[in-house]
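What follows is a single structure, written as structure tokens, with notes after it.
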There are 2 protein chains.
Amino acid sequence: MALEIKPTQALRLWREVHLDLVRDTQADLSVRQTAILLTIYLELPPHTVRGLAARLGVTKPVITRALDSMGKLGLVTRKRDEFDKRNVVIQRTVAGALAVEHLADLVTARARELGAA
Amino acid sequence: MALEIKPTQALRLWREVHLDLVRDTQADLSVRQTAILLTIYLELPPHTVRGLAARLGVTKPVITRALDSMGKLGLVTRKRDEFDKRNVVIQRTVAGALAVEHLADLVTARARELGAA
DNA sequence: CCGGATCGTTACGGGGCCGTATCATTATCG
DNA sequence: CGATAATGATACGGCCCCGTAACGATCCGG
């Protein structure tokens, strides 16, 4: 069952949510960071630096740095893989789950406000 | 007529489009720039620096700098207001319209792919 | 006509992100 | 064991963005 959305609706939805994000001083994630965060919280674990880099089509340092800054914000945590100590497993946090949930609220609320176009 | 979308669908849509944006080397707009671009192309002209700053809840230099970089990309143009030469009128461009249309395509295409959740 | 208000821009200091190249650590295989 | 591969982190130079404060240009009211 697909979600039907018209181009004008899509643009208005995108704009309203982005206006909310800009006004929301707290949320200061870049496009890359947002993609990483949502991948971690929507796809099945385990998540690794290498896996995320391949998934997003970016280099590993991008992931490492994004995890650094998102870690400072408390949105994710890192843990060494005990079975292969070269790997780092990225874990979810309560704050991260709340942030994702907040984003979902924003999008659904703005979608609900959209008139037909 | 509102657009009904479930939280899980919203998050998946957001993630897929953001993955597209990350992979699309060309599109390199920040959240602020995206909000500005869509405001210019979705709301009725005329648009001014001061108006956009108030609309987004940011300071004027933010708008000036965003217009600088978006101008380099050919997405917008500036013109002095002839009736009040203090004002600058922001104008749309063909390239900007295409970029907005491309974003609409991305969102609608990803929405169509979404299964019910 | 002139002082104050308004508009957009610029200067400054600070911080973040980028890609490339390199590094330390760990695993693997002969 | 020792060489090689793989993983994530780090160093570097460069670029962009931010907020505050100041600036020149323009309009307006007395």
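Order of the sequence lines sets the chain letters (A, B, ...), proteins ahead of strands, with each chain counted from 1.
- Side-chain atoms of A/Arg92 come within 3.5 Å of backbone N or O of A/Ile40 as a donor-acceptor pair.
- Ring pair B/His18/A/His18 is parallel by interplanar angle, where below 30° counts as parallel and above 60° as perpendicular.
- When hydrophobic clusters are built by joining Ile, Leu, Val, Met, Phe, Trp and Tyr residues whose side-chain heavy atoms come closer than 4.5 Å, directly or via intermediates, B/Leu42 is grouped together with B/Val31.
- If you take CG of A/Leu73 and P of C/dG16, they are 10 Å apart, rounded to a whole angstrom.
- If you measure from atom NZ of A/Lys85 to atom C1' of D/dT7, you get 15 Å, rounded to the nearest angstrom.
- Here the nucleotide nearest the side chain of B/Arg86, chosen from C/dG8, D/dC18, D/dT26, is D/dT26.
- A donor-acceptor contact shorter than 3.5 Å links the side chain of A/Arg80 to the backbone of A/Arg86.
- Atom CG of B/Asp84 and atom P of C/dG8 are 9 Å apart (whole Å).
- Checking C/dT26, C/dC17, C/dT20 against every side-chain atom of A/Ser69, the shortest atom distance belongs to C/dC17.
- Contact annotation: B/Gln33 side-chain N/O to D/dC17 OP1/OP2 distance is under 4.0 Å.
- Nearest heavy atoms, A/Ala104 versus B/Ala10: O-CB, 4.4 Å.
- Each of A/Lys72 and B/Lys60 lies near DNA chain C, and the nucleotide nearest B/Lys60 is the one positioned closer to the 5' end.
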Name the pairs: protein N/O against N/O of nucleotides 11-14 of chain D, kept only if under 3.5 Å.
none

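- Put simply, CG on B/Asn87 is 10 Å from P on D/dC28, counting in whole angstrom units.
- For B/Arg50, taking side-chain heavy atoms from C-beta onward, the closest of the listed nucleotides D/dG8, D/dC17, C/dG8 is C/dG8.
- In this structure, the nucleotide among D/dA6, D/dA25, C/dC18 sitting nearest to the side chain of A/Arg32 is C/dC18.
- Separating the CG atom of B/Leu29 from the P atom of D/dC16 is a distance of 13 Å, rounded to the nearest angstrom.
- A straight line from CD1 of A/Ile63 to P of D/dA9 spans 11 Å, rounded to a whole angstrom.
- Counting non-hydrogen atoms under 4.0 angstrom, A/Ser30 reaches nothing in the nucleic acid.
- Within the 3.5 Å criterion, the main-chain N or O of B/Leu75 finds a donor-acceptor partner in the side chain of B/Thr93.
- For the pair B/Arg80 CZ and C/dG8 C1', the computed distance is 6 Å after rounding to whole Å.
- The side chain of B/Val88 approaches C/dT9 more closely than any other nucleotide in the set C/dT9, D/dA9, D/dG19.
- Among the atoms of the strands shown, none is found under 4.0 Å from any heavy atom of A/Val58.
- Residue A/Thr64 places its side chain closer to D/dG8 than to any other of C/dA27, C/dT9, D/dG8.
- In this structure, CG of A/Asp28 is placed 9 Å from P of D/dC18, rounded to the nearest angstrom.
- Nearest heavy atoms, B/Thr108 versus A/Lys6: CG2-C, 3.9 Å.
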